[in-house]
Amino acid sequence: MAVSMKEVDPVFQAAGQKDGLEIWRIEKLQVVPVPKESHGKFFTGDSYVILKTTALKNGSFRHDIHYWLGKNTSQDEAGTAAIKTVELDAALGGRAVQYREVQGNETEKFLSYFKPCIIPEEGGVASGFRHTEVNEREHQTRLFVCRGKHTVHVKEVPFARSSLNHDDIFILDTKSKIFQFNGSNSSIQERAKALEVVQYLKDTNHDGKCEVAAVEDGKLMADADAGEFWALFGGFAPLPRKPFSELNGKDSASTSKLLCVNKGQTAPIDSEILTRELLDSTKCYLLDCGSEIYAWMGRETTLEERKRAGSAAEELLREGNRSRSHIIRLMEGFETVIFRSKFDKWPKKADAVVSDESRGKVAALLKRQGFNFKSPAKAAPVKQEPQPQIDCTGNLQVWRVNGSEKTFLSFSEQCKFYSGDCYIFQYTYPGENGDECLIGTWFGKKSVQEERSAATSLADKMIESLKFQAVLVRVYEGKEPIEFFPIFQNLVIYKGGTSTGYKKFISEKGIEDDTYSESGVALFRVQGSGPENMQAIQVDTAASSLNSSYCYILHDGDTVFTWIGNLSSSMDQELAERQLDVIKPNLQSRLLKEGSEYDQFWKLLGVKSEYSSQKIVRDQESDPHLFACTFSKGVLKVREIFNFTQDDLMTEDIFILDCRSCVFVWVGQRVDTKIRAQALNIGEKFLELDILMENVSRETPLYVITEGSEPQYFTRFFTWDFAKSAMHGNSFERRLSIVKDGVKPRADKPKRRPTTSAHTGRSSVPDKSQRSRSMSFSPDRVRVRGRSPAFNALAANFENPNARNLSTPPPVVRKQLPKSVSPDSSKPPPRTASIAAISASLERPKATLIPKSIKANKPQTEASKPKPETNAKEINPTNDNPAATPTVQEDVKESQAEGEEGLLVYPYDRLRTSSTNPATDIDVTRRETYLSSTEFRERFGMTKEAFAKLPKWKQNRLKIALQLF
């Protein structure tokens, strides 16, 4: 049924087309816009209509409409506000949720728009039915009561001792001083939130210039501020108990009752269980839940029917004398989570498409009436894939879980995962406020529960050993967060498993072992966004596993094919080229474009069949929601914090930030130790509850973050001040220090404990100009394999790219390096002697955050001293100049006198990564140590000693700028 728009007030034209607040006041029964500078200022004798427009990540707008009724407003003005709210919703296409707000009993969502509070003033505008003057007066002493742990409800009470009690917090605003009286039964969080009101009064009524005093209930006259406070009340006297009616709070809840509205009259619906099928799109209904009454309006109802439903809800409140209950009006398709939770098995919410169409009808109608009404607007959509907020130049360690123990993985193995195994990783990297650490667990799809539990326990011990200053993340295969893959850069995930737990499980169950074999048939899907973020994932060896949007690698022993999907990008094809260096180095590969495959290719895949062409869509990040949590006896209770800020995070509590693609559990420093240990369990309970009813996966990535160690991928959701999270004391003490001083206190953030790495290798993937061959798409071309990414990373420092054709195999390096003494005793996969030698230097355990293979100050024996003239010939065999060798020898002789003990010295031009005549037999991760002291000072602007004292991340940035890293 079409909605009639003839009675839509033209004042609502262009409303809701940009993010923010819009407010109208009812003046003489007409809707009048309130200037932006007056937003948040309400009068007790008036009624208001408030529209909150929120731009969502998907490019659409969410609308919430509130009509606020002052305690002294007239019945006519209140009725006009209710009717105009329905008209505004119609003008927005019927997509808004509407809330009835009564002074002193506002919803937390409404109060969140005007943080820290609203304090209505006496008076109001003149109307045809009631006239109240706004009296300007000098400062008067006023007493306010504050209630609320997360959102503050402020109410002015008579300035008398009888207004005080032991349960609440009171603010006494005098001409020269503001007192906060903390009832003995109030919580620390309530006291801290009340101080935000004190700050508001100080800035608003005193221009930020007045004294602030905190008075504790029970201190009597022992404190000077307490004595001054009680003197204003005529002296101390015992306080009365809080009235029973106030202790009860809102109207008591009752069993939910569903009523159908027909021509303004309500009729109950007889049903023991509430289901979605009871709601008819052509009718309006009331759901009476005691403390709230929901007015549900079908999509096919008329504007007049919707107004009658709202009036019926108002009448229901009057009949039951339920002034504290709220009325929430909803349109079909735009129900709130709480409303849907009242019904049994509410179907998954579908995106409503009626709103823009209805909005367009309103615009067309108003234009015909002569009003300039703009077309429906949409917010600018955000990028579908947010960028990872983590530095990718850090240091990585990986362990595989075997039974109840963990086994360290060497550099060559740390980026090779199996779906049947569990892994633990530790990543240390430069953050915004010093080095940060991330410790995580990765569970393969077919990993066993015993090893998952062991991985969790081992990771918890690692976090505890770092005094909870590291971030913990739990990751499942296929649900990796955007920060995960850039850490590993080049990750290969194989089928099967190698852990003892997996082998035991398949043996007991009689399951066939499908663990990857180099000599068998295997198919890999290649994906990623670039050389620093690419993956090869083994999939079922079947044609149905193919996808036109990706590239694939198929091998049967030494027979290798690269399949290029027609919808794949040039980047996808480049990544497939790079992954071949990891999966099948030194073997030939044939490139096959989709549609030009060989029979042998289809034979390896079994039977040719249909396959998808749609890109695999990962869980998208949604608009974040913050929840305050209480966890007791295994039961989790949550409460949403609307329009949250950093100040909402209390050091005594646990909060959950839900972004849909991942969930963060934030743990305050003052949280009880036993509750802190349950942080990961709390996150898992939260996923089970599915608070937002989005069918969230139980395998959604879970982060546990301790206050003071917040990473950038968490703080990006706030306007973050690191000084606040580094402050000492409880929430009340911190806030009181800020309010009294008038400035943020200078707080020294505790230094995070440095992590000692047994392995700090980082694979460097060559860019396009350093690749050993060019990409060709001829299906008949035989692709000559030559070297692995580890070889490319090091060889790029020694080769002159102009000396040979990059599409030909590189020269073989015969330089012998020491054997690896990595904690991992597993043998590396078969490789050429040169590649194995170079990788061995990377697999050696390290003792510092920056990779080192040879100590700079370690004396060298005669047997171990390098021979630059000999190695120069081997590294650069294409150099036909017979004078090259003497030059190397002369350079060394000239500068050796200035070198450190046992360390050669080279000119800067020979140490650069882009050098055409590179120095040899050096530790390529510490090139700067081979500079003479004089040249070091010229290049870096400081001595070697001063450079050594810099943070590792600053050292790396300087080295990168000078092409020494």
Side-chain angles (χ1 to χ4, degrees), residues 64-69 82 85-86 89 96-102 104-112 148 150-151 153 245-262 264-281 283-298 301 306-347 349 625 627-628 635 637-640 642 689-693:
D64 293 286
I65 306 175
H66 306 255
Y67 61 104
W68 184 89
L69 309 177
T85 298
V86 178
D89 174 54
V97 180
Q98 305 163 46
Y99 302 84
R100 176 181 181 267
E101 309 285 353
V102 177
N105 194 44
E106 296 87 355
T107 62
E108 293 192 355
K109 173 174 278 193
F110 176 79
L111 293 176
S112 71
H150 302 292
T151 303
H153 293 259
S245 60
E246 293 189 21
L247 286 172
N248 280 347
K250 294 185 179 181
D251 300 315
S252 57
S254 59
T255 305
S256 298
K257 300 178 182 178
L258 185 64
L259 303 96
C260 179
V261 181
N262 184 17
Q265 302 299 316
T266 58
I269 303 294
D270 294 328
S271 178
E272 294 183 358
I273 300 177
L274 296 178
T275 62
R276 172 63 180 85
E277 289 71 22
L278 294 174
L279 304 178
D280 187 343
S281 297
K283 298 179 181 180
C284 294
Y285 297 84
L286 299 183
L287 181 63
D288 188 354
C289 302
S291 59
E292 301 95 12
I293 295 180
Y294 294 91
W296 185 89
M297 298 169 285
T301 56
R306 298 173 190 177
K307 291 180 180 180
R308 289 177 180 174
S311 299
E314 297 271 1
E315 183 63 27
L316 200 61
L317 289 185
R318 285 192 292 271
E319 289 177 356
N321 192 23
R322 295 153 55 184
S323 60
R324 289 179 175 269
S325 295
H326 294 113
I327 295 177
I328 302 172
R329 296 186 288 201
L330 311 157
M331 271 298 300
E332 179 183 0
F334 296 93
E335 298 87 356
T336 63
V337 172
I338 297 178
F339 177 81
R340 286 183 277 141
S341 67
K342 307 289 185 182
F343 290 77
D344 183 58
K345 298 180 181 179
W346 186 279
K349 184 178 180 181
H625 297 262
F627 299 89
V635 178
K637 294 182 180 180
V638 299
R639 187 170 191 164
E640 185 169 4
F642 300 101
L689 292 175
D690 192 14
I691 299 296
L692 299 178
M693 299 183 70

Exercise. Are side-chain N/O atoms of His150 and Glu108 paired as donor and acceptor at under 3.5 Å?
Worked result: no

For this session: Determine, step by step, whether Thr151 and Glu106 satisfy the side-chain contact (heavy atoms from CB on, under 4.5 Å) criterion, reporting the C-alpha distance in whole Å, the side-chain angles of both residues, the deciding distance to 0.1 Å, and the verdict.
Result: CA-CA 11 Å; Thr151 303; Glu106 296 87 355; over 6 Å; no

Problem set entry | pair His153-Leu111: side-chain heavy atoms closer than 4.5 Å | yes

Problem set entry | His326 side chain reached by Thr107 side chain, heavy atoms, under 4.5 Å | yes

For this session: Would you indicate whether the side-chain heavy atoms of Tyr99 and Asp64 approach each other to under 4.5 Å?
Result: yes

Exercise. Do you know which two heavy atoms are closest between Lys342 and Ser256, and how far apart they sit?
Worked result: CD-OG, 4.4 Å

For this session: Taking the side chain as every heavy atom from C-beta outward, state whether Leu287 and Leu274 have any atom pair closer than 4.5 Å.
Result: yes

Problem set entry | Ser271 OG to Asp344 CG distance, which is reported to the nearest 0.5 Å | 9.5 Å

Exercise. How about Val97 and Arg329: do any of their side-chain heavy atoms sit closer than 4.5 Å?
Worked result: no

For this session: Determine, stepwise, if the pair Arg340 / Arg276 fulfils side-chain contact (heavy atoms from CB on, under 4.5 Å).
Result: CA-CA 9 Å; Arg340 286 183 277 141; Arg276 172 63 180 85; over 6 Å; no

Seminar exercise, completed: Ser341 meets the side chain to side chain donor-acceptor pair (under 3.5 Å) criterion, sequence neighbours left out, with none

Contacts under 3.5 angstrom, residues 311-318 side chains, donor-acceptor by atom type, not counting sequence neighbours:
unit_1 : atom_1 : unit_2 : atom_2 : d
Ser311 : OG     : Lys307 : O      : 3.2
Glu314 : OE1    : Arg100 : NE     : 3.1
Glu314 : OE2    : Tyr67  : OH     : 2.7
Glu314 : OE2    : Arg100 : NE     : 3.4
Glu315 : OE1    : Arg318 : NE     : 3.4
Glu315 : OE1    : Arg318 : NH2    : 2.8

Exercise. Just by modelled atom types, is the Asp280 backbone N or O under 3.5 Å from a matching donor or acceptor in the Tyr285 side chain?
Worked result: yes

For this session: Kindly check if the number of other-residue, nucleotide or ligand heavy atoms within 6.0 Å of CZ (Arg639) is above 12?
Result: no

Problem set entry | Residue pair His66 / Glu101, side-chain donor-acceptor N/O under 3.5 Å | yes

Exercise. Say you draw a straight line from CG of Leu689 to CZ of Phe627; how long is it, rounded to the nearest 0.5 Å?
Worked result: 10.0 Å

For this session: Flag the pair Leu258 / Leu279 as yes when at least one side-chain heavy-atom distance between them is below 4.5 Å, and no otherwise.
Result: yes

For this session: Locate the shortest heavy-atom distance separating Trp296 from Glu335; write the atom from each residue and the value.
Result: NE1-OE2, 2.9 Å

Exercise. Any side-chain donor-acceptor pair under 3.5 Å between Glu332 and Ser281?
Worked result: yes

Exercise. Going by an N to O cut-off under 4.0 Å, is there a salt bridge joining Lys257 and Asp270?
Worked result: no

Problem set entry | Donor-acceptor contact present, side-chain Asp288 to main-chain Ile293, <3.5 Å | no

Exercise. Can you find a heavy atom in the side chain of His625 that is under 4.5 Å from one in the side chain of Leu692?
Worked result: yes

Seminar exercise, completed: For Ser325 and Asn105, the nearest pair of non-hydrogen atoms, with its separation, is N-ND2, 4.2 Å

Problem set entry | Residues, nucleotides or ligands: over 12 heavy atoms within 6.0 Å of Lys283 NZ | no

Exercise. Is Ile338 atom CD1 crowded by more than 12 heavy atoms from other residues, nucleotides or ligands, each under 6.0 Å away?
Worked result: no

Exercise. Any side-chain heavy-atom pair from Gln265 and Asn262 closer than 4.5 angstrom?
Worked result: no

Problem set entry | Aromatic ring pairing Phe343/Phe339, orientation class (parallel under 30°, perpendicular over 60°, tilted between) | tilted

Problem set entry | Heavy-atom closest pair, residues Ile273 and Leu278 | O-CD1, 4.0 Å

Problem set entry | Non-hydrogen atoms of Val261 and Ala309 that approach each other most closely | CG1-CA, 4.1 Å

